[in-house]
Amino acid sequence: MFPNSSNLGRPPFLPKHQQHNNFFSELPLNIPPTLLSHQQIVDARFNFQNAALSRALLSGNLSTIPAVSPQPLTYGNGSSGPTSAAPTLFRGRKRLSEQNVPYDVKRQRFHSPHCESTLVNQTVPLPEERRYSFPGSIPSPLFHAHYIPDLTGCVPPLRDAPFPDPIETTLPVAKDKLSQQVLELFQACQQQTCDLNKKELCRTELQKEIQQIFPQSRLFLVGSSLNGFGTRSSDGDLCLVVKEEPVNQKTEARHILSLVQKLFCTKLSNYIERPQLIRAKVPIVKFRDKVSCVEFDLNVNNVVGIRNTFLLRTYAYIENRVRPLVLVVKKWASFHDINDASRGTLSSYSLVLMVLHYLQTLPEPILPSLQKNYPESFSPTMQLHLVHQAPRTIPPYLSKNGSTLGDLLVGFFKYYATEFDWSHQMISIREARAIPRPDGIEWRNKFICVEEPFDGTNTARAVHEKQKFDIIKDEFLKSWQRLRDKRDLNCILPVRATIQKR
């Protein structure tokens, strides 16, 4: 496919704190939604010039790929992947009563509406013999971590067996009509194997081409594609990490992206179309991959998104009601035209945080604050090459709240329509409660305040017009009233049309 698809070198530079480890080689290319602890991997080398293989991968039909004998996964030193002990499960606890506690907003340079993946499960059910593993460190970007979706949508048990038997998990029980509709929409619209394969194929080949300009760089697939909340129509988000140190987003990042855009417009013009440099607070290059027909956004060194992905993915898989609820809310917001930060409404990232916050603040919480319960695993200062390892020991969360998906969806709309104080409160999944707004300039005269859990910025800053804010509030109120009275998802979101549009 791409001109240099066979010339991929290993990133050469080392971190300052540990010269014998390669900073980027310790970071994963991506985190697949289903992982096995200390297992074997089928290493299918992607080659865009192999038409048959490309078609098989793009279609998701792996049965047409020639059989490969599994080999033990080893690293540069010949050692195998790490294992970790599985902790015991714990019982849900009520959150602390709301108090006005001192709050210090930590500001950093990076702002991101996206997030990347979390490694929450040691063992997950896999279809038949297609088993994959993900190492604790990867010495070469030639490694491809393939995606096998968790179609049953539940948190798998944590085990250390090298070759555990597949374990059946189930979606939440749906006895009422509304809950059944939520599950039906989720199962039809959640991201599938072939969807992620398309994005990973493009990421792999683009990394090889970009490394011709920036040999030390690594390209990461981030955002909804990997955080557990992706849909079949989700775009791809890419983070180009060119060095360990922060990058000035106004100057250096724009210059780097201009070179990437030039590469796309010239050498890769047969494969990439409509590359456009967007000079936003975090500049990006938007483009479309002609092979996969996927739209991508590419940023430079916006590394907070790497941390976010691990956190959100952990939330996605520790309770089996989270992903269906988030997907339906995202589809609802998109249908009502309030899910587009570029047009002054809510980003998908903000919507996800709003759902998580609601589930944390119930009288009997369905989610905890992971940053409070496991501060060492989600520290904002943790070295990037360790971030993907920390969440491996997080067990499933066993909530005493038995609410159905339908009840939770109605409650979500009611909370933001009648209970949440938009004028004085800020949404914080870090604190697992609504907290008073800070006095900083970033929070003044803002209509919606959603705290970014790592850098403390406002993820909903795009909502800066009162007219758009009033539209958002009105949609919450009308949807709550309709859903409360009819208990039919179609009264706020046409289920059949949404599934067909996926």
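- Taking the six-membered ring for Trp and the full ring otherwise, the centers of Tyr416 and Trp480 sit at least 6.0 Å from each other.
- Interatomic distance, CZ of Phe469 versus OG1 of Thr345, reported as 13.5 Å (0.5 Å rounding).
- Using a 4.5 Å cut-off on side-chain heavy atoms (C-beta onward), Val222 and Leu238 make no contact.
- A donor and an acceptor atom, one from each side chain of Gln249 and Asn302, are nowhere located under 3.5 Å apart.
- Remark: side-chain polar atoms of Arg461 are not paired, donor with acceptor, to backbone N or O of Glu442 under 3.5 angstrom.
- Proximity of Val450 to Met426: side-chain heavy atoms (C-beta onward) are nowhere separated by under 4.5 Å.
- Remark: Thr231 engages Ser233, Ser234 in a side chain to side chain donor-acceptor pair (under 3.5 Å) (not counting sequence neighbours).
- Taking all atoms of both residues into account, the shortest heavy-atom contact from Leu351 to Ala333 is CD1-CB, 3.5 Å.
- Ser179 places no side-chain N or O within donor-acceptor distance of the main-chain N or O of Lys175, the cut-off being under 3.5 Å.
- Gln192 is listed as a side-chain neighbour of Asp195, based on a closest heavy-atom distance under 4.5 Å.
- Using a 4.5 Å heavy-atom threshold, the side chains of Ser224 and Lys330 count as touching.
- Taking the six-membered ring for Trp, His357 and Tyr415 have ring centres closer than 6.0 Å.
- Here the side chains of Phe454 and Gln371 are in contact, with some heavy-atom distance below 4.5 Å.
- Side chains of Asp237 and Ser225: a donor-acceptor N/O pair is absent below 3.5 angstrom, by distance only.
- Contact annotation: the side chain of Gln216 never approaches that of Val242 to less than 4.5 Å [non-hydrogen atoms, C-beta and beyond].
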- [ ] Could you please spell out the steps behind the ring-ring contact (aromatic ring centres under 6.0 Å, His included) verdict for Phe420 and Tyr358?
- [x] CA-CA 10 Å; Phe420 184 76; Tyr358 160 69; over 10 Å; no
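- No donor-acceptor contact under 3.5 angstrom links the side chains of Asn401 and Ser399, judged on distance only.
- Across all their heavy atoms, Cys239 and Asn301 have their closest contact at SG-N, 4.1 Å.
- Applying the salt bridge (charged side-chain N to carboxylate O under 4.0 Å, His left out) rule to pairs touching residues 403-424 yields Asp407-Arg487, sequence neighbours excluded.
- Between Arg321 and Glu319 there is a salt bridge, since at least one side-chain N of the basic residue sits less than 4.0 Å from a carboxylate O of the acidic one.
- Looking only at distances, a side-chain donor or acceptor of Gln360 sits under 3.5 Å from a matching main-chain atom of Pro368.
- Atoms CE and CD1, from Met354 and Ile448 in turn, are 6.0 Å apart once rounded to the nearest 0.5 Å.
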